[in-house]
Every structure is written in structure tokens, then in C-alpha cells.
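So the structure is just underneath, and the comments pick up after that.
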Amino acid sequence: MKKKIEERKVKMNRTVKRIVEGKPGIDGAGVHLTHVLSRHTMHDSDPLLLLDAFDSTDPQHYTAGFPMHPHRGIETISYVYSGAMVHRDSLGNEDAITDGGVQWMTSGSGILHEEKLPPVKRLFGVQLWLNMKAKDKMADPAYTPIRSEEIKEIPFDGGMLRLLAGRYKGHEGYLSKYQPVDYYDVHIAPGKRFEMKVDENRAITLFTLIGEAEIEGQKVENFRASILNNGDTLVIDNKTEEENAVLVFISDPIKEPIAWRPGPIVMNTEEELDEAFDEIKKGAFIKDAIHMNK
């Protein structure tokens, strides 16, 4: 009996289940992006639906921005590592996030928003789409800015962690109201590693934002996502000669049906999608009392 208990205590490091290489694309009114996670990966990366990365020093590749468009059934999380993003929505919010800040938008029952991208020296960052449970998909929409100066930077032996959302070793950042999320920007010095205990059943997806990383002997190159298998310990190595930065996204799998055609609406059934798009055509999409006046 004692031997069996000891065996259960053996550390089980997370390994790579799937590496996803991004593909260049153009979205919005002409924004050049790297599409990484999408409908083709949504079940493996549950509850993370989409990951788009952007990195440009040419304003012509992004200043057209994303004109006003609808969302329902998801939360969008934009991390502006460098540059600026101006948000405006049907709730009346208009706000800019700059270097190191995060925009967290809950679309819930429906929101219209636009993202303007003013010219900067370098526009660099990531947007995620986080699924919402069926019971939360028609929740009230909301927008929350997380300023760079509000984000805790926590040192560890061999690097520094920016707590974009959630919790880390007694520290607390922005807490999602609907889906428990721990979202980190982990910077690891050359030849060092990041290690932490994790709930073995939570879903973890990584994105190598700067440089490359290694997970249990498997190299993950720059601008690639790695979806991890279960385990109780996360270890990320930096075996290069430059500091790297890895985005770590930890949450609970939702394990519900996903209905998502190409577009901004994610529901549980095709009938719910039909209803949403029909409401858009009829001008009945926004459920909140506040509407756009322009």
C-alpha cells in the first residue's frame, strides 16, 4: 500500500500533444496576421478557440483595422505586447490599450465592436478567443481594460512572469467571471527553465511569442502553439542563447458541442447560429439596453 501511494506522488511532466504552426492571412479591413488556432484545433485546445498573432513594422499592413463587427458566445482577449489598439463598442466604451496591456471583452449575448490600430514603431501581440459555456453564452456583454502598469511582474529563478490574468503562487490578477483562466507571459533567461505545479486535468496551451522553447525534449519554434497532454507539472526550457517569452494559457475544458462557422459567432448548435445571424440581418442582435448611436 505504501509503495502504491509513493507511486502516485511521482511527478508527471506535461508533454506535447500537438504543435500548431501558424499560417499568414489577412483579416478585418486588411490586417496581416498569423492564424494559429482555429476551428481546426478547437477541440484539442478547448476552451481556447482561436489564436491570432500579429507582428509588423509596416503600418500599411494593419492600420485599416477591424471595422465594427458582431460577436456572441465568446470572450476575446487581446494582448498588445508592443504598440496600440483602440477599442470601441456598442456598450459605449472607447478605450486604448498600449505596450504590455490587455483588452478583455465578454461578448455574451451580443456586442458590436471595432479595433483601430494606429501606426506605431512595431505592432506585436496576440488575440485569443475563449469559449463560453452554454449557460453563459447569453450573459451580459462587458469590456475590461487591463493596463500594463496593473499587471504584476513576478520573478522566479531564471526569469520573470507577467500575470496577465488569473492566479500564480498567491498572486492574483484579473479574474474571468465565467471561465477560470490563468494567463501568463513567461520570460525565461538563456539556459534556464520555468517549472510549476498544475492541476493535472486542466487544459494548457502554450504560444512561443519570442524565440523558441522546449517541452520535455520537444522543440517548439517561434510563433507556434503547443497543446499539451495532461500532467501535474509544467516545465518549459530555454536552451537558446537569447531570452524567450512563452504565453501560457491554463483553463478548464468545457467539453460541450461547438457550433462555429467561419465568422464571429460561436454557439452550441447550428440552430443557435442561424438565429444569431438572422438577428443581425433584422437589427435585433444587440440585447443590451445601450445601442450604438452612430
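When a residue number appears, it is its place in the shown sequence, counting from 1.
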Does L37 belong to the same Ile/Leu/Val/Met/Phe/Trp/Tyr cluster as Y79, with side-chain heavy atoms less than 4.5 Å apart forming each link? yes

Return yes if some donor-acceptor pair links the side-chain N/O of D27 with the main-chain N/O of V31 below 3.5 Å, else return no. no

Check: N222 side chain, G211 main-chain N or O, donor-acceptor pair, under 3.5 Å: yes

Ring centroids only, cut at 6.0 angstrom: are Y62 and F54 within range, meaning strictly under it? no

Is the H32 ring parallel, tilted or perpendicular to the H61 ring (thresholds 30°, 60°)? parallel

Paired with R162, the salt bridge (Lys or Arg N to Asp or Glu O under 4.0 Å) test is passed by just one of E153, E150, E149, namely E153

Verify, without hydrogens or angle tests, whether T63 (side chain) and Q60 (backbone) share a donor-acceptor contact under 3.5 angstrom. no

Examine distances only and state if a side-chain atom of S251 and a backbone atom of P180 form a donor-acceptor pair shorter than 3.5 Å. yes

Hey, is E214 close enough to K219 for a salt bridge, meaning N to O under 4.0 Å? no

Look at the side chain of H69 and the backbone N and O of H113, then say whether any donor-acceptor pair between them is shorter than 3.5 Å. yes

Less than 4.0 angstrom from a charged side-chain N to a carboxylate O is my criterion; do K121 and D99 meet it? no

N238 and T240: side chain donor to acceptor below 3.5 Å: yes

Strictly distance-based, threshold 3.5 Å: is any side-chain N or O of Q103 a donor or acceptor partner for the main-chain N or O of M85? yes

With a 4.0 Å cut-off on N to O distance, would you call K255 and D46 a salt bridge? no

Qualifying residue for salt bridge (Lys or Arg N to Asp or Glu O under 4.0 Å) with R72, from E272, E279, E275: E279

Spell out, as yes or no, whether a donor-acceptor pair under 3.5 Å connects the side chain of D55 to the backbone of F124. no

Path from Y178 to M105 over hydrophobic side-chain contacts below 4.5 Å: no

Does E115 come within less than 4.0 Å of R88, counting only side-chain N to carboxylate O? no

Candidate list Y174, F207, Y168, F249, test ring pair (Phe, Tyr, Trp, His ring centres under 6.0 Å), partner Y183, passing option: F249

Ignoring hydrogens and angles, tell me if any N or O in the side chain of N244 forms a donor-acceptor pair with the backbone of E212 under 3.5 Å. yes

Would you say the side-chain atoms of T106 pair up with the backbone N or O of P141, donor to acceptor, closer than 3.5 Å? no

Does this structure show an ion pair linking R147 with D95, if we count only N-O contacts that are shorter than 4.0 Å? yes

Any sub-3.5 Å donor-acceptor pair from S107's side-chain atoms to I74's backbone N or O? yes

Of N230, D232, V235, the residue whose pairing with R14 passes side-chain contact (heavy atoms from CB on, under 4.5 Å): N230

Do NZ/NE/NH1/NH2 and the carboxylate oxygens of D237 and K192 come within less than 4.0 Å? no

Apply salt bridge (charged side-chain N to carboxylate O under 4.0 Å, His left out) to E256 and K135, showing your working. CA-CA 11 Å; E256 292 180 350; K135 68 181 183 64; over 6 Å; no

Parallel, tilted or perpendicular: ring planes of W129 versus W260, cut at 30 and 60 degrees: tilted

